[in-house]
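To start, the structure under review is shown below, and the notes come after it.
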Amino acid sequence: MSNASTLAGKRINSLLDENSFVEIGAQITARNTDFGLAKTETPSDGVITGYGTINDSLVYVYSQDASVLGGTIGEMHARKITALYDMAMKMGAPVIGLIDCAGLRLQEATDALNSFGEIHKKQSMASGVIPQITAVLGNCGGGLALFPGLTDFTFMAGENARLFVNTPNALSGNHTDKVDTASAKFQSEKAGLVDFTGTENEIFANIRRLVSLLPANNEDDVPEAECADDLNRVCADLANAAGDTSILLSQIADEGDFFELKPDYAKEMVTGFLRLNGVTVGAVANRTDVYDADGNKAESFDNALTAEGCEKAQEFVDFCDAFGIPVLTLTNAAGFKADLESESRIARAAAKLIYAFVNANVPKVNVIIGSAFGSAYNVMNSKAAGADVTFAWTGASIGMMDADLAAKIMYAGQDSSVISEKAAEYASLQSSVESAAKRGYVDTIIEPEDTRKYVIGAFEMLYTKREDRPVKKHGTV
């Protein structure tokens with residue numbers, strides 16, 4: 001039976017351009033002979049490896065074959081994956097792993113364990129050099145769960161896939177029927193490890209879409225596509241999408257195409273890719289509303305930063321910076337979420353996010369679409385934190401805090417008429433977008449419907465940006 005006829009082979013052929021896959025190491029089998037392995041056939045040692053194209057772009061792929069000892073990882077299985085990484089690093093092309101594996105091969109014990117570590121090493125070395133994508137299509141448990149953790153993007157089949165370090169029943173006080181921690185739902189909504197869930201066909205379609213948006217490596221240029229959309233297109237009623245910024249980003253994107261990542265996790269923060277004048281741009285945006293497919297409001301949030309939202313944005317900004325992808329931010333942040341759970345993590349998470357923005361030397365454009373108050377504003381790519389160009393919608397508010405709250409603090413004990421008068425004065429002098437623009441903290445005040453043309457113009461101006469950072473091994477935040 002040829003590898004192409006196995007489920008693992010069919011998955012590769014479904015993912016790649018037709019007839020583009022070239023297999024490497026098809027004849028490799030297990031070397032170990034302990035515990036009956038000498039009498040056991042291990043075709044390709046349970047993993048198909050090779051290269052092909054997605055939309056004519058080179059990619060390297062491995063697909064685990066669960067029909068061979070459960071797809072378990074032994075010495076030669078791991079060696080095939082590490083050799084694939086070596087080739088991908090030399091050629092500067094993405095690696096896509098299709099996971100369907102019962103874990104380490106017990107018959108090979110320490111040989112398998114050492115080889116497992118070699119894969120983790122290759123993934124770590126490749127991080128920030130080539131894009132790494134994992135699709136969990138079957139079992140992915142124990143140490144294998146580090147595979148998606150070490151890669152850039154993770155897709156997970158909603159029906160049959162299992163992703164866990166410890167099985168649900170091994171968690172104290174838990175069982176699968178109570179909380180299925182290995183499910184795609186848990187890993188995408190609670191853990192935040194998974195970027196997209198769906199059927200295998202949906203996963204393959206979205207991996208192809210993602211690859212087309214990404215540079216092949218960290219020295220490659222950001223992909224550019226022909227843009228048939230009007231660069232000066234007026235986005236009427238864009239202000240009405242200020243709550244659900246995933247919709248807003250879709251409206252300003254070329255052809256209305258915005259690829260949101262981790263849509264089920266930390267929904268108060270939106271991350272994803274869009275094209276502006278054909279060029280890939282990464283987007284980070286605060287969100288206060290979520291609308292369903294029928295246009296009904298499904299969820300609402302305060303315009304406050306959360307620990308989960310900051311972590312989600314920080315990882316995304318780090319990826320964009322590593323691969324030279326410009327970053328657009330849409331800011332509507334009035335403060336930090338205030339509860340006991342958030343308080344235990346928010347300072348560290350917010351610090352990591354502002355560090356990511358400051359550290360990133362790619363072109364950075366910020367559009368203030370609502371409130372931009374206090375340290376939460378600085379965390380969201382303020383001009384002080386390094387935004388190259390800052391726009392603000394008419395009617396936006398920028399300052400230390402909400403004017404009413406500021407007046408109540410400054411004039412505590414005064415009657416309501418005095419507080420109202422001082423709040424209006426504070427709003428005019430300290431919290432208005434005009435006040436911020438006079439001080440140089442906003443470059444241009446724009447009408448919401450003109451956002452697309454101003455953002456495109458800013459990124460075109462920033463195309464040749466060069467900005468060095470202090471010489472150091474790496475930061476520690």
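Since we're looking at a predicted model, the values are computed, not measured. For this chain, numbers begin at 1 and follow the sequence in order.
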Original post:
Hey, are K352 and E311 close enough for a salt bridge, meaning a charged N less than 4.0 Å from a carboxylate O?
Top reply: no
Original post:
Less than 4.0 Å between a side-chain N and a carboxylate O, is that true for R275 and D257?
Top reply: no
**OP:** Before giving the answer on side-chain contact (heavy atoms from CB on, under 4.5 Å), spell out for L193 and Y265 the whole-Å C-alpha distance, their side-chain angles and the decisive distance to 0.1 Å.
**Re:** CA-CA 9 Å; L193 181 57; Y265 179 70; over 6 Å; no
Original post:
With side chains defined as the heavy atoms from C-beta onward, is the minimum distance between V222 and F323 less than 4.5 Å?
Top reply: no
**OP:** Using a cut-off of 6.0 Å, state whether more than 12 heavy atoms not belonging to K190 lie near its atom NZ.
**Re:** no
Original post:
Where is the tightest heavy-atom contact between A351 and V477, given as atom of each residue plus distance?
Top reply: O-CG1, 4.0 Å
Original post:
Would you call T154 and F196 a side-chain contact if the rule is heavy atoms closer than 4.5 Å?
Top reply: no
**OP:** Please check if any side-chain donor atom of N206 sits under 3.5 Å from a side-chain acceptor atom of E202, or the reverse.
**Re:** no
Original post:
Taking atom OG of S63 and atom NZ of K10, what is their separation to the nearest 0.5 Å?
Top reply: 12.0 Å
Subject >> Under 3.5 Å: donor-acceptor pair, side chain of S127, backbone of S124 >> reply: no
Original post:
Are any side-chain N or O atoms of D450 and backbone N or O atoms of I446, one a donor and one an acceptor, separated by less than 3.5 Å?
Top reply: no
**OP:** Considering only NZ, NE, NH1 and NH2 on the basic side and carboxylate oxygens on the acidic side, decide whether R452 and D230 come within less than 4.0 Å.
**Re:** no
Original post:
Could you go step by step and tell me if D318 and Y355 meet the side-chain contact (heavy atoms from CB on, under 4.5 Å) rule?
Top reply: CA-CA 10 Å; D318 283 344; Y355 178 84; 5.8 Å; no
Subject >> N/O donor-acceptor pair under 3.5 Å between S188 side chain and A184 backbone >> reply: yes
Original post:
Do side-chain atoms of D292 reach the backbone of A298 as a donor and acceptor pair under 3.5 angstrom?
Top reply: no
**OP:** Check M461 against V389 and note the closest heavy-atom contact, atom names and distance.
**Re:** CE-CG2, 3.7 Å
Original post:
Can Y454 and T444 be said to form a side-chain contact (heavy atoms from CB on, under 4.5 Å), step by step?
Top reply: CA-CA 9 Å; Y454 274 101; T444 309; 4.2 Å; yes
Subject >> side-chain hydrogen bond (donor to acceptor under 3.5 Å, both in side chains) between T306 and E268, worked out >> reply: CA-CA 8 Å; T306 65; E268 67 280 359; 2.3 Å; yes
Original post:
Out of curiosity, N378 CG to F357 CZ, how far, rounded to the nearest 0.5 Å?
Top reply: 11.5 Å
Original post:
How long is the span from the CG atom in L328 to the CG atom in N381, to the nearest 0.5 Å?
Top reply: 9.0 Å
Original post:
For the ring pair F186 and F164, is the centre-to-centre distance below 6.0 Å?
Top reply: no
Original post:
Under a 4.5 Å cut-off applied to non-hydrogen side-chain atoms, are L137 and N160 in contact?
Top reply: no
Subject >> Output field: ring centroids F273/F259 closer than 6.0 Å >> reply: no
Original post:
Counting only N and O atoms by type, is there a donor-acceptor contact under 3.5 Å from the side chain of H120 to the main-chain atoms of L146?
Top reply: no
**OP:** Please check if atom CE in M125 has more than 12 non-hydrogen atoms from other residues, nucleotides or ligands closer than 6.0 Å.
**Re:** no
Original post:
With distance as the sole criterion, is a donor-acceptor pair present between the side chains of S67 and D65 under 3.5 Å?
Top reply: yes
**OP:** Could you pull out all residues at least two apart from Y62 that satisfy ring-ring contact (aromatic ring centres under 6.0 Å, His included)?
**Re:** none
Residues 51-61, side-chain donor-acceptor partners within the protein, below 3.5 Å, at least two apart:
from	atom 1	to	atom 2	distance (Å)
T53	OG1	D17	OD2	2.8
N55	OD1	R208	NH2	3.0

Subject >> Residues in ring-ring contact (aromatic ring centres under 6.0 Å, His included) contact with F153, at least two apart in sequence or another chain >> reply: F319
**OP:** Ignoring hydrogens and angles, state whether a donor on the side chain of T329 or N366 is under 3.5 Å from an acceptor on the partner side chain.
**Re:** yes
Original post:
Considering all heavy atoms of both residues, which atom of I207 and which atom of A135 are nearest to each other, and what is their separation?
Top reply: CD1-CB, 4.0 Å
Original post:
According to the side chain to side chain donor-acceptor pair (under 3.5 Å) rule, which pairs have a member within residues 80-97, sequence neighbours left out?
Top reply: Y85-Q132, D86-K122
Subject >> Under 3.5 Å: donor-acceptor pair, side chain of D264, backbone of K185 >> reply: no
Subject >> Under 3.5 Å donor-acceptor, Q123 side chain and F147 backbone >> reply: yes
Original post:
Is it true that R79 and E118 have a side-chain N and a carboxylate O under 4.0 angstrom from each other?
Top reply: no
Original post:
Does the side chain of M380 reach to within under 4.5 Å of the side chain of S375, using non-hydrogen atoms?
Top reply: no
Original post:
Can you tell me if NZ on K337 sees more than 12 non-hydrogen neighbours from other groups inside 6.0 Å?
Top reply: no
Subject >> Listed once per pair and sorted, the side chain to side chain donor-acceptor pair (under 3.5 Å) pairs that draw on residues 137-149, sequence neighbours left out >> reply: none
Original post:
Does a salt bridge link D195 with K262, judged by any charged N lying under 4.0 Å from a carboxylate O?
Top reply: yes
Original post:
Between N218 and G128, what is the shortest heavy-atom contact and its length?
Top reply: CB-O, 3.2 Å
Original post:
Do any N or O atoms from the side chain of Q251 and from the backbone of L248 form a donor-acceptor pair under 3.5 angstrom?
Top reply: no
Original post:
Does D254 reach the main-chain N or O of C227 with its side chain, forming a donor-acceptor pair under 3.5 Å?
Top reply: no
Original post:
Is a side-chain donor or acceptor of Q64 paired with a backbone partner of D100 at a separation under 3.5 angstrom?
Top reply: yes
**OP:** Provide the closest heavy-atom pair for L261 versus K312 in the form atom of the first, atom of the second, distance.
**Re:** O-CE, 3.8 Å
Original post:
Can you list every pair that meets side chain to side chain donor-acceptor pair (under 3.5 Å) and has a residue in residues 280-289, with sequence neighbours left out?
Top reply: D244-R287, S246-R287, E260-R287, D289-S300
**OP:** Check the pair C310 / E308 against side-chain contact (heavy atoms from CB on, under 4.5 Å), numbers first and verdict last.
**Re:** CA-CA 5 Å; C310 288; E308 295 84 358; over 6 Å; no
**OP:** Kindly give the heavy-atom pair with the smallest separation between F336 and A350, and that separation in Å.
**Re:** CE2-CB, 3.9 Å
Original post:
Is M87 atom CE crowded by more than 12 heavy atoms from other residues, nucleotides or ligands, each under 6.0 Å away?
Top reply: no
**OP:** Tell me yes or no: between the side chains of T151 and T134, is some donor less than 3.5 Å from an acceptor?
**Re:** yes
Original post:
Hey, what do you get for CG (D221) to OH (Y463), rounding to the nearest 0.5 Å?
Top reply: 5.0 Å
